[in-house]
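What's counted below: heavy atoms across the whole structure, side chains too, no hydrogens, waters or symmetry copies. Just so we're on the same page: letters track the sequence lines, and every chain starts at 1. Just so it is clear, the structure is predicted and the values come from calculations on it, not from any experiment.
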Amino acid sequence: MQNQLFIYNTLSRTKEKFEPINKGMVGLYVCGPTVYSDVHLGNCRTFISFDLIYRYLLHLGFKVRYVRNITDAGHLEGDRDEGEDKFEKKAKLEQLEPMEIVQKYTLGFHDVMREFNTLPPSIEPTATGHICEQIEMIKHIIVNGFAYEVNGTIYFDVEKYNSQYKYGQLTNRQLEDLVAGTRELNGQDEKRGRLDFALWIKAKPEQIMQWLSPWGWGFPGWHIECSAMSSKYLGNTFDIHGGGMDLQATHHTNEIAQSQACNHKTPVKYWMHTNMLTVNGVRMSKSAGNGFLPDQLFSGKHPLLEKGYSPMAVRFFMMQTHYRSTLDFSNEALKASEKAFKKIINGLITIKILTHNEDTASFDEELNSDILRLCSLCYAGMNDDFNSAITIANLFNLLKYINSFHHNILPLASLNKNSFETMKRTYIVFVEDILGLKEEKFFKPNLIDDVLEILLQTYKNAKEIKDYKTVDLIRAKIKEEGIIIKDTKNGVEWAYEE
RNA sequence: GGUCCUGUGGCCGAGCGGCUAGGCUCAGCUCUGCAAAAGCUGCUACAGCGGUUCGAAUCCGCUCGGGACCUCCA
């Protein structure tokens with residue numbers, strides 16, 4: 001049951017039984033961020049979705065090598081070799097070195113990922129750290145006849161490639177249709193085919209980020225980075241490659257082409273794509289002006305947000321929707337999830353203190369089997385293409401029982417030890433390890449001072465009504481925490497114990 | 001224009017041929033010094049019209065909405 005994992009494969013457009021290439025091991029590659037500005041929230045959804053996938057694979061006992069790159073060079077404004085380099089442009093704007101831009105936004109990205117409680121990947125390679133590998137790969141592609149040089153720039157020959165392989169297979173498109181969708185080459189273009197894309201780009205003299213290659217000074221194209229890094233760490237063919245749906249048509253299509261042109265092997269067994277984020281029904285994007293940053297979402301400082309929502313509430317919100325469905329952000333939906341999340345966490349605190357004392361006096365067969373059924377449904381949800389929505393629904397069903405036991409509406413003695421332990425383990429493991437949710441402390445900065453104030457007031461009140469039992473209790477307990485209470489002529493004061 | 005996805009109750013969101021999804025909201029009940037928490041009950045949904053079937057939210061066709069990619073974005 002727990003091993004019957006099914007994954008929707010974009011390549012076949014069906015759910016397939018997951019069978020790793022090497023038994024017990026999984027190679028997972030996810031396209032990471034281009035660190036030229038703050039992480040986009042939609043980007044976060046992708047990484048949170050794959051964090052869930054990573055966590056579940058680990059839970060199933062797989063040895064997972066999770067590679068998520070950092071794109072820190074070579075990403076032009078137009079994905080098809082036009083426009084300025086994103087880093088160079090931003091560097092000019094912020095009056096910094098391109099690498100300062102990279103450093104700044106990489107750190108910011110990691111902060112956000114930490115706030116969302118995502119596990120770090122096993123390897124987080126950078127594009128600039130793998131220039132040699134990319135050059136090597138390009139050389140192979142040229143030798144194999146699928147790329148050509150024009151004035152120091154190397155282009156991938158899509159038409160030639162398509163004569164032997166299917167270029168548009170990931171998106172189920174014919175080459176002719178793709179060509180029809182692009183504009184005609186104007187006289188300035190050096191490339192031969194309209195769909196051809198750059199593997200290596202000749203640098204302008206003033207450019208800061210450039211490297212020496214067999215074809216002169218230049219920098220790598222965006223797509224070759226992922227191909228080079230994934231094959232280096234996961235091999236020529238690996239299990240799962242993921243990313244946002246908008247990478248499917250261009251980036252991932254080109255990755256497949258590059259890998260096959262280089263070593264004649266299909267690079268990936270299962271392609272997984274996460275869906276987009278919308279705000280009040282409209283796709284979140286820069287041009288629509290409805291894209292808020294993670295920090296704005298947390299603080300509530302954005303015109304579209306009524307209030308701030310904590311990272312864990314947002315994470316939970318995302319997991320209530322399947323990763324292949326579009327997810328709509330609205331204050332109403334966010335508030336609903338915030339409440340539901342707190343309920344889940346309160347349940348976590350409850351189940352942790354709940355214990356079974358081996359008493360089965362009022363054993364209820366039906367109840368036991370229902371609880372075991374719900375536990376297995378939690379697995380069934382995740383096994384069905386990581387359907388966390390189903391898992392969460394069943395966690396809520398379990399939670400009802402947990403609360404009923406806790407409030408003695410149902411006697412704990414109606415469960416046997418095994419059912420109880422299964423319920424407890426399932427709830428905790430799913431909430432903490434798989435969904436990656438944790439309790440958040442919402443304490444104000446000066447909470448301690450305020451609580452102390454309340455305590456001292458209670459102390460004073462007790463003293464006035466000569467309730468010395470309470471007075472002594474407060475004094476003794478607070479002393480254990482290293483604080484002594486002093487009755488002075490001016491009233492009650494506290495001090496650190498010396 | 002091409003390639004696709006999608007329309008579920010007041011809101012969000014699973015399900016994708018027969019079995020109560022779940023959460024939030026609202027109304028009521030139980031419990032309760034007050035309040036909260038928790039439990040219970042109700043609000044009887046599947047865009048419309050045809051068709052296939054013993055049986056359709058689920059499959060097929062048409063109509064009407066919404067959206068994505070092909071162009072910067074995960």
Side-chain angles (χ1 to χ4, degrees), chain A residues 10 13 15 30-34 36-37 39-50 68 71 75-80 82-84 86 89 168 170-174 176-183 194-195 222 242-253 273-278 281-288 291 316-344 346-347 350 374 377 380-381 384 387-410:
Chain A
T10 307
R13 282 166 290 278
K15 277 182 202 165
V30 175
C31 292
T34 301
Y36 71 105
S37 70
V39 231
H40 186 74
L41 203 64
N43 222 327
C44 293
R45 148 112 118 149
T46 298
F47 301 138
I48 289 170
S49 295
F50 281 102
R68 186 183 64 205
T71 296
H75 202 156
L76 300 186
E77 286 186 290
D79 277 353
R80 288 190 184 270
E82 298 122 39
E84 214 171 334
K86 285 182 176 180
K89 187 181 178 184
L170 232 204
T171 45
N172 194 24
R173 269 174 250 204
Q174 299 301 315
E176 306 80 65
D177 299 332
L178 286 168
V179 173
T182 58
R183 57 177 169 58
R194 285 200 231 171
L195 290 170
W222 176 39
M245 270 183 190
D246 50 353
L247 292 184
Q248 207 176 308
T250 307
H251 187 54
H252 292 161
T253 291
H273 291 97
T274 57
N275 214 132
M276 303 292 106
L277 221 56
T278 59
V282 184
R283 182 177 173 188
M284 187 182 278
S285 67
K286 283 162 200 164
S287 50
F316 178 77
F317 169 67
M318 291 182 175
M319 300 207 163
Q320 276 192 301
T321 307
H322 186 76
Y323 76 90
R324 279 191 292 113
S325 299
T326 52
L327 175 64
D328 189 55
F329 265 73
S330 67
N331 283 287
E332 247 190 319
L334 243 9
K335 274 190 265 190
S337 284
E338 190 176 49
K339 278 200 149 183
F341 164 68
K342 284 181 182 164
K343 221 167 150 178
I344 286 282
N346 284 337
T350 301
L374 292 174
L377 284 176
D384 184 12
N387 198 329
S388 48
I390 290 192
T391 295
I392 287 171
N394 287 296
L395 285 175
F396 272 109
N397 288 330
L398 275 181
L399 179 58
K400 254 178 204 165
Y401 281 126
I402 290 167
N403 282 328
S404 294
F405 290 127
H406 181 56
H407 290 272
N408 277 321
I409 294 164
L410 287 172

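- Set against B:A74, B:G22, B:G39, the side chain of A:I409 has B:G39 as its closest nucleotide.
- Atom NE2 in A:H407 sits roughly 11 Å away from atom C1' in B:C31 (whole-Å rounding).
- In this entry the distance linking CD of A:Q248 with P of B:G67 reads 20 Å, nearest Å.
- Across B:C73 and B:A68, the matching C1' atoms stand 13 Å from one another, rounded to whole Å.
- For the C1' atoms, the distance from B:C59 to B:C26 is 37 Å, rounded to whole Å.
- Defined by atom type and a distance below 3.5 Å, a donor-acceptor pair is missing between the side-chain atoms of A:S325 and A:N275.
- Annotation: B:U52 and B:G66 have their C1' atoms spaced 28 Å apart (nearest Å).
- Following rounding to the nearest Å, A:M245 (CE) and B:U6 (C1') show an atom-to-atom distance of 11 Å.
- The listed nucleotides are B:G39, B:U25, B:C73; the one nearest the side chain of A:D246 is B:C73.
- With P as the reference atom, B:C43 and B:G7 are 24 Å apart, rounded to whole Å.
- Taking only side-chain nitrogens and oxygens, A:K86 comes nearer than 4.0 Å to OP1 or OP2 of B:C73.
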Polar atoms only, N or O, under 3.5 Å: list the protein pairs with nucleotides 11-16 of chain B and their distances.
residue: B:A14; atom: OP1; partner: A:H322; partner atom: N; Å: 3.0
residue: B:A14; atom: OP1; partner: A:S325; partner atom: OG; Å: 2.9
residue: B:A14; atom: O3'; partner: A:N387; partner atom: ND2; Å: 3.1
residue: B:G15; atom: OP1; partner: A:N387; partner atom: ND2; Å: 2.9

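- Protein atom CE of A:M319 is 19 Å distant from nucleotide atom C1' of B:C24, rounded to whole Å.
- In this structure B:G1 sits in a base pair with B:C70, meeting the Watson-Crick or G-U test at under 3.5 Å.
- For A:L399 against A:G347, the heavy-atom pair with the smallest separation is CD1-CA, 3.4 Å.
- Here, B:U41 and B:G22 have their P atoms 11 Å apart, quoted to the whole Å.
- Looking at which nucleotide of RNA chain B each of A:A340 and A:L399 is closest to, the 5′-most match is held by A:A340.
- Comparing A:G32 and A:L374 along RNA chain B, the residue whose closest nucleotide (by nearest heavy atom) sits nearer the 5' end is A:L374.
- A cation-pi arrangement is absent between A:R68 and A:F50 under the rule of less than 6.0 angstrom and at most 45 degrees off the ring axis.
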- Task: Please step through side-chain contact (heavy atoms from CB on, under 4.5 Å) for the pair A:K335 and A:F317, ending with a clear verdict.
- Result: CA-CA 9 Å; A:K335 274 190 265 190; A:F317 169 67; over 6 Å; no

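- Counting to the nearest Å, the P atom of B:C73 and the CE atom of A:M276 are 12 Å from each other.
- In the model, A:Q320 has a side-chain atom that pairs as donor or acceptor with a side-chain atom of A:S337 under 3.5 Å.
- The C1' atoms of B:U8 and B:U44 are separated by 14 Å, rounded to the nearest whole Å.
- Remark: A:D384 pairs with A:K15 by the side chain to side chain donor-acceptor pair (under 3.5 Å) rule, at least two apart or across chains.
- Taking atom C1' in both B:A45 and B:G23, one finds a spacing of 16 Å when rounded to whole Å.
- Counting any heavy atom pair closer than 4.0 Å across all strands shown, A:T171 reaches sugar-phosphate atoms only and no base atom.
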- Item | Steps toward side-chain contact (heavy atoms from CB on, under 4.5 Å) verdict (A:N346, A:H406) | CA-CA 12 Å; A:N346 284 337; A:H406 181 56; over 6 Å; no

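- Judged by Watson-Crick or G-U wobble contacts below 3.5 Å, the nucleotide B:C62 has B:G48 as its partner.
- With distances taken from any side-chain atom of A:W222 to the nucleotides B:A21, B:A37, B:C73, the minimum falls on B:C73.
- Between the A:T274 side chain and the A:M245 main chain, no donor and acceptor come within less than 3.5 Å of each other.
- Closest approach to the A:N397 side chain among B:C24, B:G22, B:C73 is made by B:G22 (side chain taken as heavy atoms from C-beta onward).
- Distance noted for atom C1' between B:A21 and B:C46: 14 Å (whole Å).
- Remark: A:K343 is not in phosphate contact with B:G22, judged by side-chain N or O atoms under 4.0 Å from OP1 or OP2.
- Side-chain proximity of A:K339 to B:A74, B:U25, B:C70: nearest is B:U25.
- Counting only heavy atoms from C-beta outward, the side chains of A:H273 and A:L170 approach each other to under 4.5 Å.
- When distances are taken from the side chain of A:K400 to each of B:A37, B:A74, B:G23, the shortest belongs to B:G23.
- Put simply, CZ on A:F329 is 19 Å from P on B:G67, counting in whole angstrom units.
- Residue A:G42 is in base contact, counting any heavy-atom pair closer than 4.0 Å across all strands shown.
- B:C11: Watson-Crick or G-U partner is B:G23, with both key distances under 3.5 Å.
- Applying the Watson-Crick and G-U wobble criteria (two distances, each under 3.5 Å), B:C40 pairs with B:G28.
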